[in-house]
Structures are given as C-alpha cells and as structure tokens.
Undergrad: 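One structure follows; several queries about it will come next.
The sequence lines fix the lettering, A, B, ..., with proteins before strands; numbering per chain opens at 1. Because the structure is a prediction, the values reported are computed rather than measured.
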There are 2 protein chains.
Amino acid sequence: MSTIVVNPHITDAEWEVMRVVWANIRVTSKEVISTLEEKMDWKQATTKTLLGRLVEKGALNTEQEGRKYIYSANIEEKEAVISFTNDIFDRICRKNVGNVIESIIKDHTLSFDDIQRLEEILEMKKAFAVEEVDCQCAEGQCDCHLHHHGE
Amino acid sequence: MSTIVVNPHITDAEWEVMRVVWANIRVTSKEVISTLEEKMDWKQATTKTLLGRLVEKGALNTEQEGRKYIYSANIEEKEAVISFTNDIFDRICRKNVGNVIESIIKDHTLSFDDIQRLEEILEMKKAFAVEEVDCQCAEGQCDCHLHHHGE
DNA sequence: CATTTACGTTTACGCATGTAAACAATAAGG
DNA sequence: CCTTATTGTTTACATGCGTAAACGTAAATG
C-alpha cells in the first residue's frame, strides 16, 4: 500500500488545515480544530474530514500517540506554493510572465530587504536573460502567432 | 435579469476556452472547437458546454450573427490573471510574498526588457517599502506570532 | 422539397470539494 | 465500573467541474 504521492493537489479548504500544520510543525487535531473553528467558523467535523483527506492523499503524516495522532506536514509549504504558482504561469503566454510578475510586485507591500534581494536576483538573471522570451502557446490560443505571417 | 458578475471564477477547462477567445478577440464556436479539439483532444460537445457555461457566468459575450454566435471576452485576461495570482497570496503569510516573487523570478525565463522593467518598478517601490511587512495571518496559522512572546 | 449539416440547448454522469452528522472506540472522571 | 468526553472513521449530501451524448432547429445542399 502507500503510493507515494509526489504532489497531491491541495484544495482551498485543505490549505487552511495545512497552514496550521505548517505553522506548528506538530499538532493534534484538537489544535487544528480550534484554530479553524475560530478563523473559518468550521464545525469540528469539517476539520476532521479535511485532516483525514490530507492524510489519505499523503500531504500529512501521522504519528500515533496513545489513542490520538500527532499530525505533521509531509510536503513543504514552499513546494506547495510553487506548484500553485506554476499553475498560473501555465495559463498564460510565456511572453507575459514578466508582466505578471510586474503586476504582482506593484500590488504588494515589500520590505526594503525584499526589494534588495529581488534586485540581486534580477542582477543575476541578466546572465541568463534572452532577447525575447518565446511563446509556447498552442496555435489559436495566443496572438503571438499572428506575427508569423506568410506560410 | 442578468446579474453582473464582476469576477466569475474561471476553471481550468474554461480557461482553455478563454485563451482562444482572448487571442482572437471575436470567434465563432467553430474556431474554439477546432482549436481545442487539437490542443486538448476535446470532443465538440465538451467545448460547447464550456462556452455555454462561460456565457452563463458572464465571462463571455455573444453577438448573434445569423443563426450563430460570435463570442467575445467580457473580462480581460489581465484581470483574470490578477485574480488568480491574488489567490496565491491569500494563502501565504504576507511576510513571505517577497520570497515567493523571488522563486517565481528564479524559475522563469525573462527577457532583458523584462528585467529592466522590473528593476524600474522595484526602484519605485522603494518609496513605499516598509521596514518589515506585517503578518496578517490568523493566530495559529503562521509562526510569526511566536515572536510576540509575553502576553 | 428532402436530407444532411451545423450549431446552440438540455440532459447526463462520475468524481472532487465543502460542509457536516453519525458512529465507534477508547480514555477520563466520578 | 458506568458515564461522559475525546478523537478517529464512516456516511451523507449538495454543488462544482470535466467530459460528453442527445436533441431541436435552422441552414445548406442535392
């Protein structure tokens, strides 16, 4: 048994549970339940269901402790976030990735440190920058193709 | 009737349809169908269903032309992408927004222009940067709170 | 004009998801 | 030891979503 799920899909509701586990490293269902009872106004049963589903899909580990479990995350938050962000970039033309990043930066508050760090990354990225990012879109799903006139 | 849906939720499958409409500005179902028959290997019926649902939820406009429709987008791609990206940032601690942007930048190919543009934006952001972004997470869902010890 | 074709509308159906009650088993308390 | 509280497991159920067939009607074609 135990198919190792590399990258289980975490739904919105499940994510709320994951956040509690990520924040606490090791938690009991009780803690998760009370946190979400408060934040989400969920009944205990709801949180229990979500914990169960997350264990089932391999996102959480359990460690028996008496008759209860200690839950811990089996996937890292960073990993989960990245897989989430990748979904966005799969929805758009690669040529627009820069624009999207731009609008994200515009829309969020950053610290001086953040800005400096991003500047450094950009500086490094110059070594790998291209003249023009190429469109990977399917024909008909992006107007980049309109530039290829003639055949 | 006609509740104006400001920001309808667009699912993965629907997004494929939207991309075709966005790329072509005005399209017939025939064009959408043939594009997605090719890219997604969808039966005509599938695309028809999605077109119907998108019209229903206000994401697409229709304009009668004889006995057929010309479909056009009722929401902008940029708008849709932004609402999608916001979902991510609602899932994480605001303190980590910078890190996520960092990893997005690292993971994608950018053009020299992109980089320059981003550098300019960052430069401007400095005027509004903060010493430390503050955590908006609910108690128990983020370890930032651990720093507030004492009360 | 009868038949085929094209295109929008209805209906379908299984699985995922959000939300939760009911149940079972065990520990804790009186 | 019996009752109650705790905690995990089962079952439930409406809605959303992916995927598509069937149907109705109008247009095109022979």
Undergrad: Starting at the 5' end of DNA chain C and moving along, which residue's nearest nucleotide shows up first, Arg67(B) or Lys43(A)?
TA: Arg67(B)

Undergrad: Does any non-hydrogen side-chain atom of Arg26(A) lie less than 4.5 Å from one of Glu63(A)?
TA: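 Contact flag for Glu63(A)/Arg26(A) side chains = yes.
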
Undergrad: Are any side-chain N or O atoms of Asn96(A) and backbone N or O atoms of Ile92(A), one a donor and one an acceptor, separated by less than 3.5 Å?
TA: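 A pair under 3.5 Å: no.
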
Undergrad: Quick one: closest heavy-atom pair of Leu110(A) and Val133(B), and the distance?
TA: C-CG2, 3.9 Å

Undergrad: Using whole Å, report how far CH2 of Trp15(B) lies from P of dT19(D).
TA: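 Going from CH2 in Trp15(B) over to P in dT19(D) covers 17 Å.
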
Undergrad: 5'-most contact on DNA chain C: Thr11(A) or Ile33(B), nearest heavy atom basis?
TA: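 Counting from the 5' end, the first nearest nucleotide belongs to Ile33(B).
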
Undergrad: With a cut-off of less than 4.0 Å, is there a side-chain N or O of Lys48(B) near OP1 or OP2 of dC7(C)?
TA: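 False: Lys48(B) side-chain N/O out of range (4.0 Å or more) of dC7(C) OP1/OP2.
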
Undergrad: Roughly, in whole Å, what's the span from CD in Glu65(B) to P in dA26(D)?
TA: 18 Å

Undergrad: If only side-chain N and O atoms of Thr28(B) are considered, is one of them under 4.0 Å from the OP1 or OP2 phosphate oxygen of dC7(C)?
TA: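 So the side chain of Thr28(B) is outside the cut-off, no N or O lying under 4.0 Å from OP1 or OP2 of dC7(C).
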
Undergrad: May I ask you to check whether Glu16(B) and Gln141(A) show a side-chain donor-acceptor distance below 3.5 Å?
TA: yes

Undergrad: Is there a side-chain contact between Thr46(B) and the phosphate of dA20(D), meaning an N or O under 4.0 Å from OP1 or OP2?
TA: yes

Undergrad: In whole Å, what is the span from the CZ atom of Arg53(B) to the P atom of dA20(D)?
TA: 12 Å

Undergrad: Rounding to an integer number of Å, can you tell me how far Glu56(A) CD sits from dT9(D) P?
TA: 10 Å

Undergrad: Please check the phosphate of dT26(C) (OP1 and OP2 only) for any side-chain N or O of Tyr69(A) closer than 4.0 Å.
TA: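 False: Tyr69(A) side-chain N/O out of range (4.0 Å or more) of dT26(C) OP1/OP2.
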
Undergrad: Find which nucleotide of DNA chain D each of Thr49(A) and Lys68(A) is nearest to by heavy atoms, and output the residue with the more 5' nucleotide.
TA: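 Counting from the 5' end, the first nearest nucleotide belongs to Lys68(A).
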
